[in-house]
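This report refers to the structure that appears directly beneath it.
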Amino acid sequence: MLDPKLLNKSFDETVANLQKKKVSADLLAQLKDLYLVNKGFKLDLETAQAYQNDKSKLFQKLAKNSEELNNLKLDLANNKNKIAELTEKVRDSEINLEKLLHTIPNITSNDVPFGNDENDNVLLENILEPRIFHFEPKAHYELGENNNWLDFERGAKLAKSRFTVIKGLGARLERALINFMLDHNREYGFDEVSVPIITNSKSLFGTGQLPKFEEDLFKIEGEDLYLIPTSEVTLTNIFNDEIINIDQLPIKMTAVTPCFRKEAGSGGRDIRGIIRQHQFYKVELVAITKQEDSDDILEKMIECSSSMLTKLGLPHRKMLLCGGDMGFSARKTVDIEVWLPSQNKYREISSVSNTGDFQARRANIRYRDGKNNKLAHTLNGSSLAVGRTLVAIMENYQQADGSIEIPEILKKYL
RNA sequence: GGACAGAUGGGUGAGCGGUUGAAACCGCACGCCUGGAACGCGUGUGUAGGGAAACUUACCGAGGGUUCGAAUCCCUCUCUGUCCGCCA
C-alpha cells in the first residue's frame, strides 16, 4: 500500500514516479483530497470525543438530580449525537480513501526504466549460449506426448483445459527438479518451509492480490478461503501483524507448493502445452529484511535463481522490467527468461521482486529497531516455476531421435 | 460436526461500570553498587493516528449494542484449549 503521507508531503514526486506505472495524476489528486477530507473529519471527531471524556468525569462530583447535572446530561446527549454523525463521516471518508488507495500500485525504484510493455525491458545479462540444433527442434508438448510424459486429454478430462497429467519419467523429473531446487536454495541460506496452499482474504490483501485481482483466484465456495496463486502469499503473511526482533533479520525462506491461477484474461495465449496452467508447482523464495538491506538481497535472490539455471545448463537472460511491465506490488523486478528453441525466444521462468514496504504496510509486518518499530521490506522470487523448467529441459535437451537427455546435475535426484 | 472453557501489554497474570492505558511478577533498557560480574537498589519500558510541542484520540480477540462514562454488562462472529465423534 502506498504511504498516503507521500501524497501530502511530496505530491509531485509521487505523481512523477507513478507515471511509470501508468497511474494518472488526476487519480492521485483525488486520492490526496480524500486523504485531507478524512483527516479533517478525524480531527473534529477527536475534539468531540475529548469533550465527552472530559465532561463525563464530572458525574462523580456533582450531586444527584442537581440542576447542573441535568444540564450536563442534556449537553452530553447533544454532543453524543455529534460524535455519532462525525463517526459516520470519518467512516465513509475512510472507506472512500481506502477503496482507492488499495488499488494504487507500488511506487518504483529510481533505477526502474520508463516503458509500456515487455519490449521496453532492459537486458542486464545473457548467460550460456543457446545450443545450435542440426534438426528442427520440437515444441515441448510434442515431445511430451511422444515420450508419454504429458497427457493433456486426461488432464482436461479430470478437471478442464489447462490441467495436465504428467507421467513416467516426466513426473519423476518434476519431483527431481523440486528436490534439486530446494537443496540449491538452502545452500543460498533459504530455510525450507511448508505452508498452507489455501489462504484467507486477509493474507491475500497483505501481499496485494486482493482486492484488485480477485478474478484471477480460485475461491472456495462459501468460505473466506482461496487457493494460493503463489506461496509468496502464505510465506510472506507468516509474519503479518507481527513485530520481528531485528536480530532475526533477514528472514529467508523457500517453499514448494502447487499454485492455482484462473488465468482470466490470458485469452488464447500459450494454450498448448504446460507453459500456462491453472495448476503448477513453483519453488518460491521470500525474504523479509531491514529497509536498508532489501536492495542487496534482491541481487542475491536473482543470483540464486540464475545460478540454478546455469547448473541445469539452461541458457537464460536477466531482464530489468520497465514500469509498464511490472506487477502491482513491485518496486523493482528482474525477470529471468529461459531459452526455448521451439519458439526461438526467451520466455519468463522466474520473476524476482523487491516490494519495499508496500506489502509490509498492508500486512503490518514490522521489526523493532532500537526504540522504533519500522516497516519491514519484503521480497519474493520464483526460484523457478517447476513446470516451465521442465519445458525448458525438454526442449533444450531434446535429441534428434526425439528422446530427451537428463541434465547431469539431476541424475542423482532421479 | 457436538459439548464445555477461555481470549488483557514482549511473557505470566490481576482487574469493582468512573482517578485503569491497565496492578503484580518476569523479561528488557539505563543508572547506582563492583576491580569486573552476579546479587541488590533506583528509574524507565505497549501499539497506531494527529500535533513543532504541550497534549490529544483510538485500541484489553473482532464487530455491534446499553450508558453521561465499558477491559468490566448484553448480542454476534472468529480463534484457542479440553472432552466426544470422524479420520491421513
Side-chain angles (χ1 to χ4, degrees), chain A residues 1-10 31-98 101-102 194-206 210 220-226 234 237-249 251 257-258 288 291 357-376:
Chain A
M1 188 160 66
L2 192 66
D3 183 355
K5 277 182 244 169
L6 281 180
L7 291 168
N8 209 15
K9 290 185 178 150
S10 44
L31 193 64
K32 183 181 174 179
D33 283 346
L34 288 172
Y35 174 72
L36 292 175
V37 164
N38 176 252
K39 198 169 156 177
F41 285 143
K42 264 188 184 162
L43 200 65
D44 293 346
L45 174 63
E46 284 184 14
T47 309
Q49 281 170 329
Y51 185 80
Q52 192 85 0
N53 288 343
D54 191 44
K55 293 292 178 186
S56 288
K57 287 181 186 147
L58 295 174
F59 271 75
Q60 291 172 92
K61 291 173 189 150
L62 293 174
K64 274 186 188 170
N65 295 323
S66 69
E67 197 181 331
E68 244 184 313
L69 188 132
N70 289 332
N71 288 339
L72 188 58
K73 263 193 168 169
L74 273 175
D75 181 29
L76 287 184
N78 282 333
N79 192 56
K80 206 177 161 184
N81 287 333
K82 195 171 152 193
I83 288 177
E85 267 173 48
L86 285 167
T87 304
E88 197 71 15
K89 282 184 179 171
V90 167
R91 190 180 316 178
D92 288 350
S93 62
E94 203 155 76
I95 288 171
N96 288 335
L97 173 66
E98 287 183 348
L101 191 59
H102 292 166
S194 175
V195 285
I197 59 171
I198 293 182
T199 193
N200 55 32
S201 55
K202 180 179 171 164
S203 299
L204 286 158
F205 173 77
L210 288 179
I220 311 274
E221 196 178 335
E223 308 252 14
D224 176 35
L225 292 172
Y226 300 78
T234 30
N237 279 289
I238 286 175
F239 295 96
N240 76 20
D241 284 329
E242 295 200 17
I243 300 172
I244 302 163
N245 212 318
I246 194 166
D247 53 26
Q248 287 184 271
L249 297 177
I251 293 166
T257 63
I288 297 175
Q291 297 179 354
D357 61 14
F358 188 82
Q359 292 180 327
R361 184 172 290 108
R362 291 176 153 241
N364 200 21
I365 301 171
R366 293 169 295 170
Y367 62 96
R368 198 182 306 282
D369 186 2
K371 280 207 84 166
N372 300 318
N373 292 325
K374 292 184 176 167
L375 287 172

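Every chain is numbered from 1 and lettered A, B, ... according to where its sequence line falls, protein lines coming before strand lines.
Residues passing the salt bridge (charged side-chain N to carboxylate O under 4.0 Å, His left out) test with A/Lys374, sequence neighbours excluded: A/Asp369. The ring pair (Phe, Tyr, Trp, His ring centres under 6.0 Å) search around A/Phe358 returns A/Phe328, not counting sequence neighbours. Under the rule for a ring pair (Phe, Tyr, Trp, His ring centres under 6.0 Å), A/Tyr35 has no partner lying at least two apart in sequence or in another chain. A/Tyr367 meets the side-chain hydrogen bond (donor to acceptor under 3.5 Å, both in side chains) test with no other residue; sequence neighbours excluded. Shown here are the salt bridge (charged side-chain N to carboxylate O under 4.0 Å, His left out) partners of A/Arg361, two or more places apart in sequence or in another chain: A/Asp3, A/Asp357.
Nucleotides B/C60 and B/A71, compared at atom C1', are 5 Å apart to the nearest Å. B/C79 sits 23 Å from B/C87 when the C1' atoms are compared, rounded to a whole Å. With both ends at atom P, the span from B/U78 to B/A29 equals 42 Å, rounded to whole Å. For the C1' atoms, the distance from B/C74 to B/A22 is 23 Å, rounded to whole Å. Rounded to a whole angstrom, the distance from the P atom of B/U66 to that of B/A54 is 36 Å. Comparing B/A24 with B/G9, their C1' atoms are spaced 13 Å from each other, to the whole Å. Comparing the P positions of B/G49 and B/G10 gives an interatomic distance of 16 Å, to the nearest angstrom. Straight-line distance between the P atoms of B/A48 and B/C41: roughly 33 Å, to the nearest whole Å.
Rounded to an integer number of Å, the gap from A/Lys80 NZ to B/A70 C1' is 12 Å. Look at CG on A/Asn53: it is 14 Å from C1' on B/U20, rounded to the nearest Å. Atom-to-atom, CD1 of A/Ile83 to C1' of B/U57 comes out at 11 Å; the value is rounded to the nearest Å. To the nearest angstrom, P of B/G18 lies 18 Å from CD of A/Gln52. Rounded to whole angstrom, the span from the CZ atom of A/Arg91 across to the P atom of B/G63 amounts to 10 Å. Between A/Asp44 atom CG and B/A58 atom C1' there is a gap of 16 Å when expressed in whole angstrom units. Look at CG on A/Asn240: it is 15 Å from P on B/C79, rounded to the nearest Å. Following rounding to the nearest Å, A/Leu72 (CG) and B/U67 (P) show an atom-to-atom distance of 16 Å.
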Distances under 3.5 Å only, N/O to N/O: pair up the protein atoms with those of nucleotides 49-52 of chain B.
residue : atom : partner : partner atom : Å
B/G49   : N2   : A/Glu46 : OE1          : 2.6
B/G49   : N2   : A/Glu46 : OE2          : 2.9
B/G51   : OP1  : A/Lys39 : NZ           : 3.0

What nitrogen or oxygen pairs link the protein and nucleotides 43-48 of chain B at under 3.5 Å?
residue : atom : partner  : partner atom : Å
B/U47   : OP1  : A/Asn373 : ND2          : 3.3
B/U47   : O3'  : A/Arg366 : NH1          : 2.8
B/A48   : OP1  : A/Arg366 : NH1          : 2.8

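Identified under the side-chain hydrogen bond (donor to acceptor under 3.5 Å, both in side chains) test for residues 74-87 of chain A, with sequence neighbours left out: A/Tyr51-A/Asp75, A/Gln52-A/Asn79. Residue pairs meeting the salt bridge (Lys or Arg N to Asp or Glu O under 4.0 Å) criterion with at least one member in residues 33-42 of chain A, sequence neighbours excluded, are A/Lys42-A/Glu94. Within the structure, side-chain hydrogen bond (donor to acceptor under 3.5 Å, both in side chains) contacts touching residues 239-249 of chain A (residues at least two apart or in different chains) are A/Lys202-A/Asp241, A/Asn237-A/Asn240, A/Asp241-A/Asn364. Counting only residues at least two apart or on different chains, no salt bridge (Lys or Arg N to Asp or Glu O under 4.0 Å) pair has a member in residues 43-60 of chain A.
Using a 4.0 Å heavy-atom distance criterion, A/Asn245 is classed as making no nucleic acid contact.
OP1 or OP2 of B/C68 has not a single side-chain nitrogen or oxygen of A/Asn79 nearer than 4.0 Å.
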Could you please spell out the steps behind the side-chain contact (heavy atoms from CB on, under 4.5 Å) verdict for A/Arg368 and A/Ile243?
CA-CA 6 Å; A/Arg368 198 182 306 282; A/Ile243 300 172; 3.8 Å; yes
Stepwise side-chain contact (heavy atoms from CB on, under 4.5 Å) test for A/Thr199 and A/Leu225
CA-CA 5 Å; A/Thr199 193; A/Leu225 292 172; over 6 Å; no
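Comparing A/Asp54 and A/Leu58 by the nucleotide of RNA chain B whose heavy atom lies nearest to each, the residue mapping closer to the 5' end is A/Leu58.
You'll find the side chain of A/Phe205 reaches within 4.5 Å of the side chain of A/His102, heavy atoms only. Side-chain contact check for A/Ile288 versus A/Ile244: some heavy-atom pair is nearer than 4.5 Å.
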For Watson-Crick and G-U wobble pairs within 3.5 Å on both distances, what is RNA chain B written in dot-bracket notation, | included for inter-strand pairing?
((((((((.[[[..)..(.....]]]((((((.......))))))(((((....))))).[[[[[..)....]]]]])))))))....
